[in-house]
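Here is the structure we will look at, set down as structure tokens.
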Amino acid sequence: MMANMRPIPESPREEIALGWIMRLHDPAFDRWPELSEWLAEDEENSDLFDRLCIADRAVAAELQDAPAPRRRLWPERDDTPAARARRSGERMWIASAALVFLVTILFVLVILPSMHPVPAARSAELR
Amino acid sequence: MVDDGQWVDESLSDVFLRHRPALRAFLRGRCAQHDVDDLLQDLWVETQRTSGPVAPDPLSHLYRAAHRLVLERGRGASRRDRRTSRPLPEMEHMLIVPRPVPPAPETLRTLGIRAEHVFRRYRQDGASRPAIAEELGIGTGLVEMELGRAYAALLLSRMRA
């Protein structure tokens with residue numbers, strides 16, 4: 001239950017400090033003078049930054065001790081015979097539906113107009 | 001040596017000397033004044049020990065080293081301790097109960113597979129945000145959003161505990 005209560009930044013200062021901590025780990029981070037300025041701007045900035053840095057180090061240490069679980073970002077392909085049969089059935093349904101759709105289109109566009117000549121053509125014939 | 005406006009073949013010591021005021025300013029933002037000189041001295045010693053070029057960005061290397069020194073020596077904490085802090089009234093003492101913080105891996109798991117993957121690639125493997133975005137076939141904005149969620153969930157809970 002506790003894990004679901006995700007904390008969010010309570011002030012713009014917290015949000016900015018978190019942003020700095022986050023960017024700091026980018027290998028290409030080069031905004032050091034800007035960070036210096038922000039830290040020097042207010043003692044509270046510096047305090048908050050320090051506290052978040054300490055928390056960040058604690059997190060890094062915890063994760064170091066607990067390697068990433070072997071989970072996949074995408075679901076693994078199920079290659080059991082039952083799954084293959086299910087996929088084959090699904091493909092058959094899709095192919096049938098596509099065929100019915102094509103036949104309907106063909107009927108509406110080609111066969112139907114030839115069965116009922118357009119009124120304009122008929123009136124031209126009368127004249 | 002200057003090549004196309006960039007300094008190349010410059011030793012770390014040269015970079016330190018050239019950027020000492022900026023490094024001092026960075027440390028001044030983190031520590032009490034009398035600690036700044038100590039840390040600058042430590043940084044200089046570390047600079048002397050480093051042999052060979054520090055690619056690709058020696059200045060960033062120095063800033064990172066300064067940042068690490070601050071954390072290692074706990075200057076932030078000692079600085080706070082030195083301040084005259086208001087003693088907590090008895091009632092506040094009674095109300096403050098340490099809140100349990102779930103372990104970091106558990107917190108990451110609750111954020112979802114993508115957020116966990118993005119955070120670990122960025123924080124543990126040192127992959128850049130554009131590189132992660134390319135790996136996953138998503139935009140950099142989405143990577144930043146996942147990182148923001150993960151950092152907030154992990155750090156704020158520990159800071160407030």
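As a basis for the values below, the full set of heavy atoms in this structure was taken, side chains included, without hydrogen atoms, waters or symmetry mates. Proteins get letters first, then strands, A, B, ... in listed order; numbering begins at 1 in each.
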Check step by step if side chain to side chain contact (heavy atoms under 4.5 Å, CB included) holds for A:Trp32 and B:Leu59.
CA-CA 9 Å; A:Trp32 295 99; B:Leu59 183 58; 5.8 Å; no
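- The backbone N or O of A:Phe29 sits less than 3.5 Å from a side-chain atom of B:Ser60, completing a donor-acceptor pair.
- Nearest heavy-atom pair, B:Ala104 versus A:Val59, reported as atom, atom and distance to 0.1 Å: CB-CG1, 4.2 Å.
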Give the table of side-chain donor-acceptor pairs shorter than 3.5 Å for residues 94-103 of chain A, with sequence neighbours excluded, one pair per line with atom names and distance.
from, atom 1, to, atom 2, distance (Å)
A:Ser96, OG, A:Met92, O, 2.8

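- Heavy-atom pairs under 4.5 Å with chain B peak, among A:Glu14, A:His25, A:Glu15, at A:His25.
- Proximity to chain A is absent for every atom of B:Ala150, based on heavy atoms less than 4.5 angstrom apart.
- Using a distance-only test at 3.5 Å, with no hydrogens or angles considered, no donor-acceptor pair links the side chain of A:Ser36 to the main chain of B:Ala25.
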Determine, step by step, whether B:Met159 and A:Leu48 satisfy the side chain to side chain contact (heavy atoms under 4.5 Å, CB included) criterion, reporting the C-alpha distance in whole Å, the side-chain angles of both residues, the deciding distance to 0.1 Å, and the verdict.
CA-CA 9 Å; B:Met159 193 183 73; A:Leu48 187 58; 3.6 Å; yes
Set out, in order, the CA-CA distance, both residues' side-chain angles and the distance that settles side chain to side chain contact (heavy atoms under 4.5 Å, CB included) for A:Leu63 and B:Phe119, then state yes or no.
CA-CA 11 Å; A:Leu63 292 178; B:Phe119 184 80; 3.4 Å; yes
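- A donor-acceptor pair under 3.5 Å is formed between the side chain of B:Tyr122 and the backbone N or O of A:Asp26.
- No continuous path of ILVMFWY side-chain contacts below 4.5 Å connects B:Leu43 to B:Val45, so the two sit in separate hydrophobic clusters.
- A distance of 11.5 Å separates CG of B:Leu147 from CG of A:Leu18, quoted to the nearest 0.5 Å.
- Of the atoms belonging to A:Leu52, heavy atoms from both backbone and side chain fall under 4.5 Å from chain B.
- Heavy-atom neighbours of B:Gln48 CD from other residues, nucleotides or ligands within 6.0 Å: above the threshold of 12.
- Atom CG of A:Leu39 and atom CG of B:Leu27 lie 10.0 Å apart (nearest 0.5 Å).
- Highest contact tally toward chain B, considering only A:Arg57, A:Met22, A:Gln64, A:Glu62, is held by A:Met22 [criterion: heavy-atom pairs under 4.5 Å].
- The pair A:Asp56-B:Arg123 counts as a salt bridge, with a side-chain nitrogen and a carboxylate oxygen less than 4.0 angstrom apart.
- Residues B:His67 and A:Cys53 form a side-chain contact, since some pair of their non-hydrogen atoms from C-beta on lies under 4.5 Å apart.
- Pairs passing the side-chain hydrogen bond (donor to acceptor under 3.5 Å, both in side chains) check and including a residue from residues 140-150 of chain B, sequence neighbours excluded, read B:Arg114-B:Glu146, B:Arg129-B:Glu144, B:Glu146-B:Arg149.
- Considering all non-hydrogen atoms of both residues, B:Arg158 and A:Ala55 come closest at CB-CB, 3.9 Å.
- Across every non-hydrogen atom of A:Ser46 and B:Gly29, the tightest pair is OG-O, 2.8 Å.
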